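Note that the structure is predicted; figures quoted are calculated from it, not measured. Start at 1 and go down the list; that is how both ligands and their atoms are numbered.
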Amino acid sequence: MTKQSYDTARAIFAEWGVDTEAAMARLAGIPISMHCWQGDDVVGFEAKTGASGGGIQATGNHPGRARTPDELRADLEFAYGQIPGTHRLNLHAMYMDTDATPDRDEIEYTHFATWVEWARDQGLGLDFNPTFFAHPKADDNLTLSHPDAGIRDFWIEHGKRARDIAARMGAELGSPCVNNIWVPDGYKDIPVDRMAARQRLETSLDVMLADAHDPAHMLDAVESKLFGIGVEACTVGSHEFYLGYAIRNQTLLCLDMGHFHPTENVADKLSAVALSLGEILLHVSRPMRWDSDHVILLNDDILAMAQELVFADLLDRTRIGLDFFDATISRTAAWVIGTRNMQKALLRALLMPMAELKSAETALDYSRRLILTEEVKDLPASAVWQEFCDRHSVPIGIDLSNVLSKYDLSVGSRL
Ligand code: RNT
Ligand code: ZN
């Protein structure tokens, strides 16, 4: 893409009252929290092997899965190298990097210190997650809401330790670490005491979150879900449960795009929950018939989400995280494609003639609103994206495709 086409695009957007330079500058300041678990199919580095469990599942056997922290870091470095801007890494507790074999209720900062040193070198922020699945004590698909107090206490201890580790990560890196809590708790068939389960979950969360942490170092988030495989009848931590919990306890609420009924518009929820919440965490994902966590596309759902973030002025109080895991394709390509798609969607939103559109709506001129939204789709946003990639020295088009394929081939001999 030549310089000239960007200059033309810039002039065309200017006619619409849109400043492409301002849009690119804003986009450059939006970190995306890339999830480590796309790199190894949610297996982790604990002294165990096994499936993810808890109603989530990575399917496929494309070669190249990272098997060690070093391989995962090498893959991440490659992926970040193809993504414009400076971003974050979202780690799960199961990704500890240590020769020790701590159980979940024994994890400590030292088990993650190499990740922090690496993140510091790379200029990355870190986010964190306690891992409440893929463990014998989660085999009942009940953790913090388990009727057995011993099992609840085990998971409460895990959660407390995860918060301490996250706070230290945030302090070390000078950037608040979001510690996101998702538990798989639920029932395959219709429970008769939903209230008791929800009360147990609430009490466990209260105990787990009791210690105050400096928000400059760590921010708590809670993630709801509609259902998972094996927990079709009831999810204890439903949307209503966590919306209330987050408001009462002033935590972030995590909205995962795969965790609602397939016909619900998750973008529509942002402005609704933002009125009652301080900050929001997103898990941008792509459900297909269920919470299948496909790599995100530049599709209407993602564009709508990005547009809401921009139009509702929520960028400064929304942490954008990704959550997908496809094991049928190159793990690194999945990261690069998905993260760039999130950025492309944000750029398109930033390039919209927002004031013009809002004023048409306020004037009840829905014809004009529709004309504008449809005409805007023909504006040369791709020339601005290409310019953005060029300025950040990352490849596009065929060049990107070749770089991704070459790397994928280079890791193909991993067993
Ligand atoms: C599961 C949740 C959760 C996980 C990660 C691995 O349905 O979306 O966020 O995907 O914690
Ligand atoms: Zn999620």
Side-chain angles (χ1 to χ4, degrees), residues 32-46 50-59 65-66 72 88-96 104 126-135 138 141-144 155 158-159 162 166 177-186 220-232 234-239 241-242 246 251-262 264 266 269 280-296 301-302 305 318-327 331 334-335 338 342:
I32 310 291
S33 190
M34 209 166 80
H35 52 311
C36 72
W37 53 93
Q38 166 63 76
D40 79 327
D41 313 339
V42 210
V43 174
F45 303 127
E46 291 170 301
S52 29
I56 59 173
Q57 198 176 12
T59 49
R65 182 182 83 73
L72 188 58
R88 303 178 66 81
L89 175 67
N90 194 8
L91 268 184
H92 237 284
M94 67 188 335
Y95 288 80
M96 57 184 60
R104 299 270 173 90
L126 284 180
D127 295 310
F128 199 58
N129 307 257
T131 310
F132 291 100
F133 53 87
H135 188 281
N141 277 331
L142 293 170
T143 62
L144 293 177
W155 289 113
H158 175 61
C177 176
V178 177
N179 185 59
N180 180 51
I181 299 159
W182 171 72
V183 296
D185 296 37
D220 294 297
V222 289
E223 179 178 4
S224 69
K225 190 162 179 171
L226 179 62
F227 85 100
I229 287 185
V231 287
E232 289 86 356
C234 169
T235 294
V236 183
S238 60
H239 178 56
F241 175 91
Y242 279 125
T251 69
L252 276 70
L253 179 71
C254 175
L255 298 174
D256 182 309
M257 292 178 74
H259 289 192
F260 295 89
H261 191 281
E264 280 188 85
V266 185
K269 298 176 189 301
I280 296 165
L281 172 64
L282 291 183
H283 272 188
V284 185
S285 190
R286 178 164 57 107
M288 198 177 290
R289 306 188 190 278
W290 72 291
D291 178 38
S292 59
D293 293 285
H294 282 64
V295 178
I296 60 167
D301 294 342
I302 307 300
M305 185 61 88
T318 306
R319 315 262 160 174
I320 305 174
L322 307 179
D323 188 4
F324 49 79
F325 28 99
D326 186 341
R331 314 304 188 289
W335 270 325
M342 187 68 233

Seminar exercise, completed: atom 7 (O) of ligand 1 has as its nearest protein heavy atom Lys225 NZ, 2.7 Å

Exercise. In ligand 1, which numbered atoms sit nearer than 4.0 Å to a non-hydrogen atom of Asp256?
Worked result: 8 (O)

Seminar exercise, completed: CG (Asn90) and CD (Gln38) are apart, to the nearest 0.5 Å, by 13.0 Å

For this session: Could you check which N/O/S atom of Glu223 is closest to the Zn ion (ligand 2)?
Result: OE2

Seminar exercise, completed: In this structure, CZ of Arg319 is separated from CG of Asn180 (nearest 0.5 Å) by 12.5 Å

Exercise. Which ligand 1 atoms does His259 reach within 4.0 Å, using its non-hydrogen atoms?
Worked result: 1 (C), 2 (C), 7 (O), 8 (O)

For this session: May I ask you to identify the nearest protein heavy atom to atom 10 (O) of ligand 1, giving residue, atom name and distance to one decimal place in Å?
Result: Asp323 OD2, 2.7 Å

Exercise. For ligand 1, which atoms sit closer than 4.0 Å to a heavy atom of Trp37?
Worked result: 5 (C), 6 (C)

Exercise. What are the atoms of ligand 1, with element, lying closer than 4.0 Å to any heavy atom of Asp291?
Worked result: 7 (O)

Exercise. Is there a donor-acceptor pair closer than 3.5 Å between any side-chain N or O of Thr131 and the backbone N or O of Ala93?
Worked result: yes

Problem set entry | Asn129 to ligand 1, any heavy atom closer than 4.0 Å | no

Exercise. Between His35 and Tyr95, does a ring pair (Phe, Tyr, Trp, His ring centres under 6.0 Å) hold up when you go through it step by step?
Worked result: CA-CA 11 Å; His35 52 311; Tyr95 288 80; over 10 Å; no

Exercise. Is there side-chain contact between Lys225 and Trp182, with at least one heavy-atom pair below 4.5 Å?
Worked result: yes

Problem set entry | Atom name of the N, O or S atom in His283 that lies nearest to the Zn ion (ligand 2) | ND1

Problem set entry | Which N, O or S atom of Asp256 lies nearest to the Zn ion (ligand 2), by name | OD2

For this session: Give a yes or no answer on whether the side chain of His239 reaches the backbone of Ser224 with a donor-acceptor pair at less than 3.5 Å.
Result: no

Problem set entry | Whether Asp293 has an N, O or S atom under 2.8 Å from the Zn ion (ligand 2) | no

Problem set entry | Ligand-residue contact atoms, ligand 1 with Phe325, heavy atoms, under 4.0 Å | 10 (O)

Seminar exercise, completed: Rounded to the nearest 0.5 angstrom, the CE-CG distance for Met94 and Asn129 is 10.5 Å

For this session: Quick one: look at Asp293 and ligand 1, take heavy-atom pairs under 4.0 Å, and tell me if it's side chain, backbone, both or neither.
Result: neither

Exercise. With the Zn ion (ligand 2) as the point of reference, which N/O/S atom of Asp323 is the closest?
Worked result: OD2

For this session: Considering the heavy atoms of His283, write down every atom of ligand 1 situated less than 4.0 Å from one of them.
Result: 9 (O)

For this session: Look at atom 9 (O) of ligand 1 and say which protein heavy atom is nearest, naming residue and atom and giving the distance to 0.1 Å.
Result: Glu223 OE1, 2.8 Å

For this session: For the pair Ser285 (side chain) and Asp323 (backbone), establish whether a donor and an acceptor sit closer than 3.5 Å, ignoring hydrogens and angles.
Result: yes

Exercise. Any idea which protein heavy atom is nearest atom 11 (O) of ligand 1, and the distance to it?
Worked result: His92 NE2, 2.7 Å

For this session: Considering only non-hydrogen protein atoms, determine which one is nearest to atom 1 (C) of ligand 1 and report residue, atom name and distance to 0.1 Å.
Result: Ile56 CG2, 3.4 Å

Problem set entry | Side-chain (Glu232) to main-chain (Gly230) donor-acceptor, under 3.5 angstrom | yes

For this session: Name the orientation class of the two ring planes belonging to His92 and Phe133 (parallel below 30°, tilted from 30 to 60°, perpendicular beyond 60°).
Result: perpendicular

Exercise. For the side chain of Asp127 and the backbone of Val178, is there at least one donor-acceptor N/O pair under 3.5 Å apart?
Worked result: yes

